[in-house]
Each structure stands twice: as C-alpha cells, then as structure tokens.
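Structure, as structure tokens:
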Protein chains: 2
Amino acid sequence: MGVRQAQKQQSRRALLDAGLHLLEHQNLSSLGMREVTREAGMSPAGFYRHFRDLAELGVALVEESLASLHGMIRAALAEKGDAEELIDRTVELIAGHVAGHRAHVRFLARERHGGVQPVREAIAAELARFADEVARALGAQPESAGWSGADVRMLAELYVDHMVATAVAFLDADGPAAERRIARTACTQLRLISVGRRHWRDA
Amino acid sequence: MGVRQAQKQQSRRALLDAGLHLLEHQNLSSLGMREVTREAGMSPAGFYRHFRDLAELGVALVEESLASLHGMIRAALAEKGDAEELIDRTVELIAGHVAGHRAHVRFLARERHGGVQPVREAIAAELARFADEVARALGAQPESAGWSGADVRMLAELYVDHMVATAVAFLDADGPAAERRIARTACTQLRLISVGRRHWRDA
DNA sequence: CAAGTCGGCAAACAGTTGTTTACTGAATGA
DNA sequence: TCATTCAGTAAACAACTGTTTGCCGACTTG
C-alpha cells in the first residue's frame with residue numbers, strides 16, 4: 001500500500017478514534033461532525049473525504065465493535081471442560097473483553113436501541129448471527145440430544161442476551177468489588193440456566 | 001386546584017407529550033428544546049416555566065414510564081396459578097403493556113444506556129428497586145425454601161432483565177406473527193429458568 | 001522530470017440552537 | 001374592585017451547526 005493510502009487510513013483512524021472517544025459520554029445522534037473533526041485535529045470539510053454521514057461513521061464503528069465481540073464469542077465457544085469450569089471461564093472472558101474494549105462495548109450498548117436506524121439495524125442483524133453461531137455450537141453438544149432446533153435457538157438467544165447484559169453490567173461497575181459481585185451474579189444465573197437445560201426433558 | 005394551576009399542568013402535559021412523541025424516533029440527548037416547544041405549540045421561553053433543563057423533562061418522563069411499568073410488575077406478581085399458566089400470563093401482561101405504552105417502553109430502552117447521566121441513574125435505581133420487590137415476592141413462595149437471600153436476589157435480577165429484554169423485543173416486532181414468535185421464545189426461556197429453579201438444590 | 005491525482009484546508013453560507021430580556025393579559029385574593 | 005401574581009410571548013443575542021466552494025501541495029504515475 002502506497003504512502004498516500006496509508007496516510008488516508010491514518011486520518012480515518014483518527015476520525016474513528018475521536019468519535020469513539022466522544023461517544024463515551026454522549027449519543028451518536030447528538031454527535032456533531034465539527035465536534036469529531038475538531039477532536040481528530042482535522043478541518044470540517046476533511047470529514048467528507050472519508051464518510052458521507054455521521055451515520056456512516058457509526059456503522060463503521062459498529063463493524064469494529066462487533067468484530068472484536070465476535071472474536072470473544074468464538075473464544076468462549078472454543079473453551080473445553082465441565083459445565084462449572086466453562087461458566088467461570090466464559091464470565092472471565094466477558095470481563096476481560098469489557099476491560100479491554102470499554103469504548104466499543106459502551107458504544108454498542110448505547111446504540112443498540114439508539115436513535116440512528118441504520119446503526120440499530122446493523123447491531124441487531126449481527127447479534128442475530130451471533131445467536132445462530134451459538135445455536136450451531138450448542139446443537140453439536142451431546143447435552144442437546146433430543147432438543148428441537150427451535151429450542152436450541154431460544155437457548156442460544158438467552159445466552160447472547162445474557163452475555164450482552166453482563167457486559168453492560170461490567171461496564172458501569174465502579175470498582176473491583178462491584179466487578180466481583182457482577183461476576184458472581186452472572187455465574188449463578190448461568191448455572192441456573194445450565195441446571196434447567198439438564199432437566200429440560202423431565203418437564 | 002385553581003384554574004391557574006390546572007392550565008399550567010395542562011401545558012406541562014403538552015410538553016411531556018411532545019417530548020415523548022419526538023423521542024419515538026430520536027434520542028433524548030439529541031432533542032432540542034425549541035423542537036419540543038414547537039411541537040407543543042408553545043413559545044421557546046415558556047419551557048423554563050416548567051423545567052430547568054431537557055434533562056429535567058427526561059427525568060419526569062422516566063418517572064412516568066417506570067410508574068406504569070411498576071404497575072405491570074405488581075400485576076404480574078399478584079397472578080396465581082401453576083407455573084405454566086403463570087408464565088403465559090406474565091408474557092401476555094408484558095405484551096399488553098408494550099401495546100399500551102409503546103412510547104414509554106421505547107423511551108426507557110433508549111435512555112437506559114443513553115447519554116444523559118441523571119436519566120440513566122434514575123432508570124437504574126428504579127429497576128434495582130423492582131428487582132428488590134420481585135425478590136421479596138419470590139422469597140415468600142414455597143419454591144424458594146432453602147434458597148439463600150443472594151440466590152433469590154440473582155433470580156429476581158434475571159427475571160427483571162428478561163422482562164425488559166422481552167418488552168424491547170416486542171417493541172420492534174413488525175406484525176402479529178413476529179409478536180407470537182417473541183412470546184413463544186420468552187415463554188420457553190422462562191420455562192427453562194423455572195425448571196432450573198426446581199432442580200437447583202440437586203446441583 | 002512532468003502531468004495528474006487527491007487528501008486536507010480556509011472561508012463563507014444560511015439555519016438553528018439555548019437563553020435572556022421586557023412585555024402582556026388573565027386568574028387570584030384581599 | 002383593584003393591586004398582585006405569574007404562565008406565556010415576541011424579539012434579540014451570540015454561538016454553533018452541516019455543507020459547499022476553490023485552492024494548495026504532497027504523493028503517484030508515466
């Protein structure tokens with residue numbers, strides 16, 4: 001890649017980072033582009049060399065944020081061990097992801113139900129695909145023998161929703177004590193679901 | 001109450017309704033007060049006779065929205081019957097609440113993680129109190145014999161989170177078919193949790 | 001080295017914003 | 001009835017918004 005394209009991508013990154021930084025304390029729909037370019041150290045008009053809209057920048061941030069989250073999910077699904085261990089490791093993975101990608105997670109939580117339609121839709125679509133992926137992994141486990149496809153799918157949705165809720169809870173933990181409390185709660189809830197799963201056929 | 005105060009409260013209502021209406025398609029932090037007063041048929045300066053801020057209007061809307069949700073929760077907790085029936089009735093209650101209070105529910109979903117701190121805090125505090133209330137009700141049930149207070153509390157949190165998630169899902173259902181699918185999923189998930197609860201002690 | 005591509009800038013545009021000011025006129029209460 | 005209170009108004013304020021224009025100068029290509 002030439003020097004030109006490299007410099008351009010560097011500016012693009014500056015815009016994305018500026019946006020991400022500003023979005024830590026406000027909403028995408030209340031973000032101004034002058035604000036973004038100012039934070040990125042660029043003139044207002046320069047913005048248009050990279051994005052048509054602020055919504056377009058938003059969608060780019062969604063892709064970034066969900067890509068990192070996707071990596072975490074695949075890591076969680078790849079874990080091996082008995083149910084108890086697996087739950088603990090998953091919650092640790094979530095905590096680690098939040099610690100390492102605060103801005104991304106906060107952005108997703110904010111805009112998942114935010115005021116910018118294309119962004120909302122992009123998030124919803126990708127989360128649905130995550131649920132598909134989890135459902136596929138669950139279906140391959142021996143514990144799912146005799147489960148209908150629809151039931152596996154609803155279990156996967158429950159897991160994904162719970163994961164997102166847990167990540168958000170970690171987000172506004174205001175200390176290590178609060179973090180541990182959230183982790184314990186999440187583990188217990190997952191254990192409850194796991195127990196329900198084992199005894200599903202009895203009901 | 002005198003004619004004066006009645007007229008004032010009517011104007012206040014107009015402002016709240018205007019805000020609620022505009023917030024159906026945008027975020028609180030992107031809302032302008034000129035926009036609100038225009039929608040309410042009032043001059044910009046008149047706003048200050050009722051609220052200091054837009055954040056203050058937001059908090060007022062939070063109180064309204066959570067009051068109606070609170071009513072729904074109390075209704076759900078008051079239901080009697082076996083577990084299966086109870087689950088179905090609860091999900092129906094949620095669906096009915098969303099149908100009757102779309103704007104309120106959408107507002108809560110948007111601003112729960114939105115960019116306006118006092119509003120966010122008001123929602124979080126009230127949802128925590130709802131979890132307390134649910135925990136108290138669960139603790140009084142015979143099924144909770146032998147459960148620790150902390151475990152009951154985490155179960156209550158799971159229920160509240162799930163209720164909110166279900167309400168939001170109903171919100172962007174785009175037809176009766178989608179609504180039924182969401183209701184079925186929610187019921188199945190609740191049944192799974194219920195099974196887990198019954199077999200909790202075995203683990 | 002020359003011609004062309006193109007990322008970034010400064011300036012200007014018309015609109016819109018939140019907030020303050022002094023005011024009007026109807027409800028209030030002695 | 002007459003003075004007072006006060007919800008709502010119109011006008012003006014500086015500050016900011018998104019977008020377009022023409023231009024410069026560093027990179028690229030031949």
Side-chain angles (χ1 to χ4, degrees), chain A residues 1-61 64 110-111 114-119, chain B residues 1-61 64 110-111 114-119:
Chain A
M1 180 180 10
V3 176
R4 200 107 180 232
Q5 289 234 343
Q7 285 174 339
K8 178 166 183 180
Q9 282 216 337
Q10 192 173 345
S11 295
R12 193 186 136 100
R13 256 264 64 89
L15 285 173
L16 289 171
D17 287 341
L20 211 50
H21 180 240
L22 291 168
L23 287 170
E24 209 131 8
H25 298 290
Q26 64 185 293
N27 257 319
L28 177 59
S29 55
S30 78
L31 194 65
M33 35 192 286
R34 285 187 114 104
E35 214 178 342
V36 176
T37 55
R38 205 182 304 131
E39 175 86 11
M42 188 182 292
S43 95
F47 182 89
Y48 296 97
R49 304 287 186 194
H50 301 273
F51 305 100
R52 181 192 317 277
D53 258 340
L54 273 173
E56 203 170 286
L57 180 141
V59 171
L61 286 177
E64 250 188 33
R110 282 249 165 85
E111 303 307 329
V116 185
Q117 205 188 25
V119 170
Chain B
M1 179 177 12
V3 175
R4 199 101 178 242
Q5 288 234 342
Q7 284 175 339
K8 178 166 183 179
Q9 281 217 337
Q10 192 173 345
S11 294
R12 193 186 136 100
R13 254 264 62 89
L15 285 173
L16 289 171
D17 287 341
L20 210 49
H21 180 240
L22 291 167
L23 286 169
E24 210 131 9
H25 298 290
Q26 64 186 291
N27 256 320
L28 177 58
S29 54
S30 77
L31 194 65
M33 34 194 288
R34 284 189 115 105
E35 214 177 342
V36 176
T37 54
R38 205 182 303 132
E39 175 85 12
M42 187 182 295
S43 96
F47 183 90
Y48 296 97
R49 303 287 184 195
H50 301 272
F51 305 101
R52 181 193 317 276
D53 259 341
L54 273 173
E56 204 170 286
L57 181 142
V59 171
L61 286 177
E64 251 188 33
R110 282 250 165 85
E111 303 307 329
V116 184
Q117 206 189 23
V119 169

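Convention: sequence-line order gives letters A, B, ...; per-chain numbering from 1.
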*Give a yes or no on whether a donor-acceptor pair under 3.5 Å exists between the nucleobase atoms of C:dC6, that is its base, and the side chain of A:Arg4.*
yes
*What is the distance, rounded to the nearest whole Å, between atom CD of A:Gln9 and atom P of C:dC6?*
16 Å
*For D:dT17, does either OP1 or OP2 sit under 4.0 Å from a side-chain N or O belonging to B:Arg34?*
no
*asked:* Let me spell it out: for each of A:Met1 and B:Ala45, pick the nucleotide of DNA chain D with the closest heavy atom. Which residue's pick is nearer the 5' end?
replied: B:Ala45
_Length of the line joining A:Phe47:CZ and C:dA10:P, which is rounded to integer Å_ = 18 Å
*Round to a whole Å and report the spacing from CD of A:Gln26 to P of D:dT17.*
11 Å
*Could B:Glu39 and B:Arg34 be called an ion pair, given the rule that one side-chain N must be under 4.0 Å from one carboxylate O?*
no
_Can you work out whether A:Arg49 or B:Arg38 has the more 5'-proximal nearest nucleotide on DNA chain C?_
A:Arg49
*Which comes earlier along DNA chain C counting from the 5' end, the contact point of B:Asp53 or that of B:Gln7, where each point is its nearest nucleotide?*
B:Asp53
*For A:Met33 and C:dG8, give me the distance from atom CE to atom P, rounded to whole Å.*
14 Å
_Once rounded to the nearest 0.5 Å, what's the spacing between atom CG of B:Asn27 and atom CG of A:Leu31?_
11.5 Å
*asked:* Salt bridge check, A:Glu111 against B:Arg110: does any charged N sit closer than 4.0 Å to a carboxylate O?
replied: no
*Verify the distance criterion only: is there a donor paired with an acceptor across the side chains of B:Gln5 and B:Gln10 at less than 3.5 Å?*
no
*Which of the following nucleotides, C:dG7, C:dT19, D:dA7, is nearest to the side chain of A:Lys8?*
C:dG7
*Tell me what B:Gly46 touches on the nucleic acid: a base, only sugar-phosphate, or nothing, going by heavy atoms under 4.0 Å.*
base
*Looking only at side-chain N and O atoms, does B:Tyr48 come under 4.0 Å of OP1 or OP2 in C:dT20?*
no
*asked:* Taking the side chain as everything from C-beta on, heavy atoms only, tell me whether A:Leu23 gets closer than 4.5 Å to A:Leu61.
replied: yes
*Atom CZ of B:Phe51 to atom C1' of C:dG18: distance rounded to whole Å?*
17 Å
*Is B:Arg12 touching bases, backbone alone, or none of the nucleic acid, heavy atoms closer than 4.0 Å?*
nothing
*How close or far is atom P of C:dT16 from atom CD of B:Glu35, stated in whole angstroms?*
11 Å
